[in-house]
Amino acid sequence: MKEFIINKNDTGQRLDRFVSKAAPLLPPSLAQKYIRIKRIKVGGKAAARDYKLAFGDAVQMYVNDEFFQAPSEENAYLKISNPALDIVYEDENIMLINKPAGIICHSDGSHSFDSIIARVQAYLYIDGQWRPGEENSFSPALCNRIDRNTSGIVIAAKNAQSLRIINEKIKAHEIDKFYLCAVHGKPNPKAAKLEGYIFKDAVKNQVYVSKTSQPGAKSAVMEYKTLTSTQGLSLLECRLITGRTHQIRAQLADIGTPLLGDGKYGSERLNKPFGEKQQALCSYKLVFNFKSDAGTLSYLNKKHFVILDIAFVKKYFQPIDIS
């Protein structure tokens, strides 16, 4: 229990607003509940959430200590009482999450700290699958990440062993990641392997494609095939062989078929008639293709997971079988 004596600067403030400042990681819905069930009191008695605090009031809060910490990326999960997650698959070791466009995988340092990993940790914490107080150092973690405005599958590891194995398999190219994207025009040829080099301008957060190696550049390899074309757009399936920043967006723009809705590598002139503000790109399929021992995750070998409900596919290319 923590007790706060109201000083002149807090006088006249509503109880629920004071609580949100005193315990910044306590979710608002939980704070309201604690006031209602008398785990938060004023002067040892129940008080309404809109009670105006008076000078000298004693506010007693029977709240876990972790909720009084300053917000950070490491404890952001505490702020989330109802994590919004589209779970594609879950077992005792991993989760596959369908990340919506517009949500970041990890915190960018903003005040809210909302991210997919914070939501995953909140989900596991609330469900009792993860008990931070019993862990020395491990926290549930993402094994891969995708851009804020790209949707699709991200892998979360629930334990250190699974995190190690998945990271090793990604590095060894034993987990195949397939993307669907809508591009302007028709690629020529309809299917190909794109090989080149990508170097990043960290200041602009933008990458550039080169046919030849140069200092700071990394190899970039991907395969694509055209599934269908209509309305001046083509639907492509891409398989990443390397996983570079903005790789699909930059390499497809480099061959003259930029992504629909991509404001960084695309064409505003081409995008404007469609009114799309986010790139039409989804990491829609994941295939576990282990070629070496996967230990406790061997049961995943040859399994594949697909997202079928993709907004831009339904809008521009239906009906089409992408399963």
Side-chain angles (χ1 to χ4, degrees), residues 101 144-147 149-153 169-201 206-214 216-271 274 276 278-289 291 304-308 310 312-313 315-323:
N144 66 312
R145 65 177 69 190
I146 53 182
D147 294 344
N149 290 324
T150 299
S151 63
I153 300 174
K169 295 306 179 184
I170 290 175
K171 187 176 181 180
H173 306 294
E174 295 180 21
I175 299 177
D176 294 324
K177 292 172 282 186
F178 294 86
Y179 288 72
L180 287 180
C181 60
V183 301
H184 294 287
K186 297 180 181 180
N188 184 19
K190 291 185 176 181
K193 176 186 283 189
L194 301 180
E195 299 182 83
Y197 297 88
I198 279 181
F199 59 99
K200 182 177 181 179
D201 184 329
Q206 187 165 345
V207 303
Y208 298 89
V209 177
S210 172
K211 301 300 182 186
T212 58
S213 180
Q214 52 187 287
K218 296 181 179 180
S219 63
V221 185
M222 62 171 276
E223 297 174 339
Y224 75 84
K225 64 179 179 180
T226 305
L227 302 182
T228 187
S229 297
T230 183
Q231 305 179 60
L233 302 174
S234 294
L235 180 65
L236 308 187
E237 181 188 74
C238 302
R239 183 173 79 91
L240 281 180
I241 297 173
T242 58
R244 309 303 183 197
T245 300
H246 300 175
Q247 181 178 341
I248 293 175
R249 299 164 63 190
Q251 285 193 295
L252 290 178
D254 185 61
I255 64 170
T257 52
L259 266 64
L260 170 66
D262 192 344
K264 187 182 290 281
Y265 301 97
S267 165
E268 178 60 27
R269 177 183 61 83
L270 294 175
N271 286 331
F274 295 93
E276 301 292 348
Q278 295 177 333
Q279 63 255 19
L281 180 62
C282 177
S283 177
Y284 90 110
K285 182 165 66 174
L286 197 70
V287 180
F288 293 95
N289 190 22
K291 299 177 179 65
H304 76 280
F305 301 89
V306 180
I307 297 170
L308 298 177
I310 304 171
F312 67 83
V313 175
K315 184 174 181 179
Y316 296 108
F317 302 104
Q318 292 290 66
I320 185 171
D321 183 7
I322 60 173
S323 60

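From a predicted model like this one, the values you see are computed outputs, not experimental measurements. Computed from heavy atoms alone, side chains included, the values below leave out hydrogens, waters and symmetry copies.
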_Ser151: side chain to side chain donor-acceptor pair (under 3.5 Å) partners, not counting sequence neighbours_ = none

*What heavy-atom pair brings Cys282 and Ile310 nearest, and what distance separates the two atoms?*
SG-CD1, 3.9 Å

*asked:* Less than 4.5 Å apart, side chain to side chain, heavy atoms only: is that true for Phe178 and Val306?
replied: no

*Please name the pair of heavy atoms, one in Tyr284 and one in Tyr179, separated by the smallest distance, quoted to 0.1 Å.*
CD2-C, 3.8 Å

*asked:* As an exercise, state the distance from NZ of Lys169 to CG of Asp176, rounded to the nearest 0.5 Å.
replied: 12.5 Å

*Would you sort out whether Leu233 and Phe274 count as a side-chain contact (heavy atoms from CB on, under 4.5 Å), showing the intermediate values?*
CA-CA 10 Å; Leu233 302 174; Phe274 295 93; 3.7 Å; yes

Going by atom type alone, with no hydrogens or angles, which donor-acceptor pairs under 3.5 Å involve a side-chain atom of residues 246-264 and a protein atom two or more places apart or on another chain?
| unit_1 | atom_1 | unit_2 | atom_2 | d |
| --- | --- | --- | --- | --- |
| His246 | ND1 | Tyr265 | OH | 2.7 |
| Gln247 | OE1 | Thr242 | OG1 | 3.0 |
| Gln247 | OE1 | Arg244 | N | 3.0 |
| Gln247 | NE2 | Val221 | O | 3.0 |
| Gln247 | NE2 | Thr242 | OG1 | 3.2 |
| Gln247 | NE2 | Gln251 | OE1 | 3.1 |
| Arg249 | NE | Asp262 | OD2 | 2.9 |
| Arg249 | NH1 | Asp147 | OD2 | 3.2 |
| Arg249 | NH2 | Asp262 | OD1 | 2.8 |
| Gln251 | NE2 | Ala220 | O | 3.3 |
| Asp254 | OD2 | Lys211 | NZ | 3.4 |
| Thr257 | OG1 | Leu252 | O | 3.3 |
| Asp262 | OD1 | Lys264 | N | 3.0 |
| Asp262 | OD1 | Tyr265 | N | 3.3 |
| Lys264 | NZ | Asn205 | O | 3.3 |

_Set of side chain to side chain donor-acceptor pair (under 3.5 Å) partners for Ser283, sequence neighbours left out_ = none

*Rounded to the nearest 0.5 Å, how far does CG of Leu286 lie from NZ of Lys177?*
8.0 Å

_If you compare all heavy atoms of Phe312 against all heavy atoms of Leu281, which two are closest, and at what distance to 0.1 Å?_
CE2-N, 3.5 Å

*What salt bridge (Lys or Arg N to Asp or Glu O under 4.0 Å) pairs are there with at least one residue in residues 222-236, not counting sequence neighbours?*
Glu223-Arg239, Lys225-Glu237

_Suppose we screen for side chain to side chain contact (heavy atoms under 4.5 Å, CB included). Which residues come up paired with Gln278, at least two apart in sequence or across chains?_
Ala101, Asn149

*In Å, rounded to the nearest 0.5 Å, how long is the span from CD1 of Ile170 to CD1 of Ile175?*
4.5 Å

*From Glu174 CD over to Asn289 CG, what is the distance, rounded to the nearest 0.5 angstrom?*
7.5 Å

*Residues two or more places apart in sequence or in another chain: which of them pass side chain to side chain donor-acceptor pair (under 3.5 Å) with Ser213?*
none

*Partner residues of Glu276 under the side chain to side chain donor-acceptor pair (under 3.5 Å) criterion, sequence neighbours left out*: Lys315, Tyr316

Side-chain donor-acceptor pairs under 3.5 Å in residues 180-201, sequence neighbours left out?
| unit_1 | atom_1 | unit_2 | atom_2 | d |
| --- | --- | --- | --- | --- |
| His184 | NE2 | Asn271 | OD1 | 2.8 |
| Asp201 | OD1 | Val203 | N | 3.0 |
| Asp201 | OD1 | Lys204 | N | 3.2 |

*Just jot down the side chain to side chain contact (heavy atoms under 4.5 Å, CB included) partners of Gln318, sequence neighbours excluded, or say none.*
Val313, Lys314, Ile320

